[in-house]
Amino acid sequence: MTTVITRFPPSPTGHLHVGGARTALFNWLWARKNSGRFTLRIEDTDAARSSEEMTQGILDGMRWLGLDWDEGPYYQSRRIDLYNEYIDRLLQTGHAYYCACTPEEVEAMRTQARASGAVPKYNGRCRDKGLTSGPGRVVRFKAPLSGETGFLDLVKGPISVPNTQLDDMVLRRLDGMPTYNLAVVVDDVTMNMTHIIRGDDHLSNTPKQVLLYEALGRPLPQFGHVPMILGPDKKKLSKRHGATSVTAYRDLGYLPEAMVNYLVRLGWSHGDQEIFSLDELLTHFSLEHLGSSACVFDQSKLLWLNAHYIKSESPARLAGLLAEHLGRRGQPESGAAYLEAVAPLLQPRAGTMVEMAEMAEFFVAGDDELVMDEAAATKFLTAQVKEHFAVLHFLLRDAPGFDQAALEALFTRYLEGKGVAFKILAQPLRVVLTGKTKSPGLFETMEVLGRDRVLRRLANALRRME
RNA sequence: GUCCCCAUCGUCUAGUGGCCUAGGACGCUGGCCUCUCACGCCGGUAACGGGGGUUCAAAUCCCCCUGGGGACGCCA
C-alpha cells in the first residue's frame, strides 16, 4: 500500500478564497484520513503577479482553518533548474522543440483559426524546423496530431478529448521560466503525488498534463475534479458576490470549524449528516461521495452553522474572541473572567462574533457611558415605574444574594406584594440596565452585571426621571 | 465557434432499478414556550428540465433536445 500524498498549490496572485480553501480541505482530509502526507506548494512562476504578501495571507488562512501541511511550502520560483532539466529531457527525446514564433504571430494564428471556425491554436510552424536554442525562442511540446487522450477521473469518471483540440503548448517561456502545465507535472512527479484533487476549471488542462506524464514515461496520479463554487447568480464566485476570502470570514466573526464544516458539505455528503466534528470528518470523508455538479455558496447556511458552533463552543474560548472584537470596536478592556460570564448569555443569540461583540457592548460600557435608546427610554421610563425603581434600588442594595435565583425570588416577592405583573416592569428595567429593548433574560443579565453596575444604572435612570 | 463537464425543493444535498404518493438541512412560514430578543420544540411550503427509448418496474440505465458551467494564454 503506497502512502497517499496530496497537495494544495495556490498561486499567490490573490487571497485564499473559499473555493481554494475547499480543495485544500479535501486534499488535507484525504491525506490525513489515509495517514498520508499533505504538501503545500506555492505556484509563483508568474513573477509579475505573485507577491510574498499574498503568500503569507494564504498561509494565514490555512493555519486559521487548521489545515497543517507536512511538506513545504515549496516555491516553484526556486525550482527553475529542475524544470529546465525536464524540459531538456523532453527536447532530447523529441517530445519538444524550439519555436521562434513571436507572441504576436501566434496570436494571429489563433484569430485566423477562430475566424474560420477552427480550434484556435498554434499551427506548428516550427514543429519540424529542427531549430536549436537561441534568443527569442521558446520551447514547445510536440503534441500528438491525432488520436485521443483520456484518463479516469475520480469524480467525473472517464474523460477523453480528441488530440486535435490540443496544441503544442509552450513549456519554457522567453524569459526562461517554465509554464504552469510543465511545472505542475514536474512537481507532481518529483513530489510523488498520488492524488490530485482540484477544481473543475482544471479539467480541460488535464489531458495536456497527461500527455506530459506520458512523454516523461511516468505513471499518472489519480485525478479528481471537484465542481466549482458559484455565486447566488450561478456565476463563478468572485468579489462581486461579497466576501470570498477565508480571512474575510474570520474578520466577520466566523469560527474556523463552522467554515470547515460548511465547506466540506459543499460538494461532499455523508447521508443526511450536516454537522461534522473533525474526528467524524476524518473517519467519514470519502472520495466516492464527492458531488459532480457545481454548487452555490449559501451565506445563510454558513451563518446557521456558525451560530451552531458558537452555541456549543466553550465560554472561555469565546471570551478571548469577544475581547478581540470588542477591542476592534473601541471598547475598553474587560477581564477575561467577566467576558467568560457574559458569553453564555450571548451564545444562543449571536450568529457571528461580530454580532456577539455588538450585543456585549452594554455589558462592558461604563455605567455613565451606556448608550441609551432614547425612543425606548421615553416610552418605558414613566412616572409609574419610577416609584417601583426607587424601592427596588433599596431592595437590590440590601439583597443578601445577587445570583439569578435570589434576584428572581426578590422580584417575585416584591411584585406579589404590590400586585403587579413582571411584564409591567420588565421592559423598563431592561432599558435601564442595557439601554435597549432586546437583551438576554433580566435575572441572568443582572447577575452577570453585578450589584454595583445594576445599582448605578438604576440610580442614573432615577435621576433622569426626576 | 470548438471541446469538456454538469442537471432532484430558492439553496446544500440523500437517493447507485422496486424500500420514493422522493428523505434531511438552510431559508421562508404557522404555532408553542416567554420579561424583550434569541434558543428550543411542533407543523407547513417547495424538486426529479423536456422528449424518446431499455425494463415487469426508472429520479436512478441509454439517446436526443434544452439549460447551466468550464476551458481554449509565453495566467495559474
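Throughout, protein chains are lettered first and strands after them, A, B, ... in sequence-line order, and every chain is numbered starting at 1. Since the structure is predicted, the reported quantities are computational estimates derived from the model, not experimental observations.
Residue A/Tyr180 contributes atom OH, which lies 14 Å from atom P of B/C75 at whole-angstrom precision. As rounded to whole Å, 19 Å separates atom P of B/G69 from atom CD1 of A/Ile159.
In the set B/C37, B/G70, B/U16, the nucleotide with an atom closest to the side chain of A/Asp201 is B/G70. Checking B/G40, B/C37, B/U16 against every side-chain atom of A/Lys438, the shortest atom distance belongs to B/C37.
Between A/Pro10 and the options A/Asp44, A/Thr55, A/Leu40, A/Thr23, a side-chain contact (heavy atoms from CB on, under 4.5 Å) holds for only A/Leu40.
Residues of residues 132-148 of chain A that place a heavy atom closer than 4.0 Å to RNA chain B, in numerical order, are A/Val138.
A/Cys99 comes within 4.0 angstrom of no nucleic acid atom, judged by non-hydrogen atoms across all strands. Across all strands shown, A/Lys235 has heavy atoms under 4.0 Å from sugar-phosphate atoms exclusively, and none from any base. The residue A/Thr164 sits apart from the nucleic acid: no heavy atom pair falls under 4.0 Å.
Across B/C62 and B/G67, the matching P atoms stand 22 Å from one another, rounded to whole Å. B/U34 and B/G50 are spaced 48 Å apart, taking the P atom of each and rounding to whole Å.
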Mark up nucleotides 20-33 of chain B, 5' to 3', with B wherever a protein heavy atom is under 4.0 angstrom from a base atom, S wherever such an atom reaches only the sugar-phosphate, and - elsewhere. ---BBBSS------
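With its glycosidic angle more than 90° from 0, B/C41 adopts the anti conformation.
Comparing A/Thr13 and A/Val161 by the nucleotide of RNA chain B whose heavy atom lies nearest to each, the residue mapping closer to the 5' end is A/Val161. A residue-by-residue look at A/Val155 and A/His270 shows that A/Val155 has its nearest nucleotide of RNA chain B further toward the 5' end.
Ring planes of A/His284 and A/His270: parallel class, angle under 30° (limits at 30 and 60°).
Using Watson-Crick or G-U wobble geometry with both donor-acceptor distances under 3.5 Å, B/C35 finds no partner in any strand shown.
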